[in-house]
Amino acid sequence: MSRSRIVVLISGSGTNLQAIIDQCHQKTGEIVAVISNRPEVAGLTRAEKAGIPAFCLDHKAYETREAFDQALMTMIDQHQPDLIVLAGFMRILTPAFVNHYQGKMLNIHPSLLPKFQGLHTHQRALEAGEKQHGVTVHFVTEELDGGPNIIQAIVPIDQTDTESSLSQKVQQQEHIIYPLAVKWFIERSLELRNNKPYLNGEPLPPTGYQINTCSSSKVSSNGI
Ligand code: GRF
């Protein structure tokens with residue numbers, strides 16, 4: 001099996017990128033490029049340190065969303081990727097962009113989707129009096145934060161939690177479930193068929209595969 005070529009898109013600190021770099025399964029996948037829409041972000045330095053070609057394509061240099069997305073597609077496609085990973089890539093994508101990478105683009109969102117699409121998810125979960133919160137990795141479709149779920153990690157909300165403490169708990173889980181979803185994809189265990197995600201040939205439930213850190217369920221070494 002040839003190694004999957006992965007392009008990671010970032011906008012900021014790149015802690016998810018780092019988790020994927022650290023856990024990238026060299027036999028099955030290789031990050032061939034990291035692209036940021038913002039200059040001089042920490043994520044670009046992380047890529048350079050890991051010896052991964054790192055590029056900035058500044059969205060401010062483009063007059064329209066369409067023009068930027070077109071330029072980004074051209075840059076991405078030069079690397080002939082099998083998988084596009086959005087890791088804190090803070091852009092709304094055009095339908096043309098999303099459709100171009102249908103079935104091979106993943107995103108991570110810090111909530112238990114479909115709850116709390118959009119921004120400020122931790123604060124909103126606290127204000128809503130939720131007992132649980134978490135993070136979801138999903139395939140990207142035209143609906144913002146709305147594509148089919150692949151995996152979710154659930155974290156408990158404690159009475160003492162603040163936006164910051166909750167965000168830390170969620171980020172810890174992000175760095176576990178994103179590399180795992182990438183591993184499943186590049187090992188060809190995960191695929192999107194007719195807009196439905198399958199893991200090892202079995203359809204995933206609407207929540208995606210769930211890891212509940214409120215209970216004692218653990219992920220085994222093969223990730224299941
Ligand atoms: C993460 O919290 C992710 O859920 C959200 O953006 C943040 C990116 O953080 N989509 P980082 O750049 O990976 O550190």
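Counting starts at 1 for both ligands and their atoms, in listed order.
Near ligand 1, Ser13, Gly14, Thr15, Asn16, Gly88, Ile108, Pro110, Gln171, Glu174 each place a heavy atom less than 4.0 angstrom from the ligand.
When the shell of 6.0 Å around NZ of Lys104 is examined, it contains more than 12 heavy atoms from other residues, nucleotides or ligands. Within 6.0 Å of CD on Glu40 lie no more than 12 heavy atoms contributed by other residues, nucleotides or ligands.
Between Lys131 atom NZ and Ile157 atom CD1 the span is 8.5 Å, to the nearest 0.5 Å.
Residues satisfying the side-chain hydrogen bond (donor to acceptor under 3.5 Å, both in side chains) test with Asp22, not counting sequence neighbours, are Gln18.
Among residues at least two apart or in separate chains, side chain to side chain donor-acceptor pair (under 3.5 Å) pairs with a member in residues 89-100 are Asp69-Thr94, Asp77-His100, Asn99-Glu142.
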Residues 47-60 side chain polar contacts: donor-acceptor under 3.5 Å, at least two apart:
unit_1, atom_1, unit_2, atom_2, d
Asp58, OD1, Lys60, N, 2.9
His59, ND1, Asn37, O, 3.3
His59, ND1, Asn37, ND2, 3.0

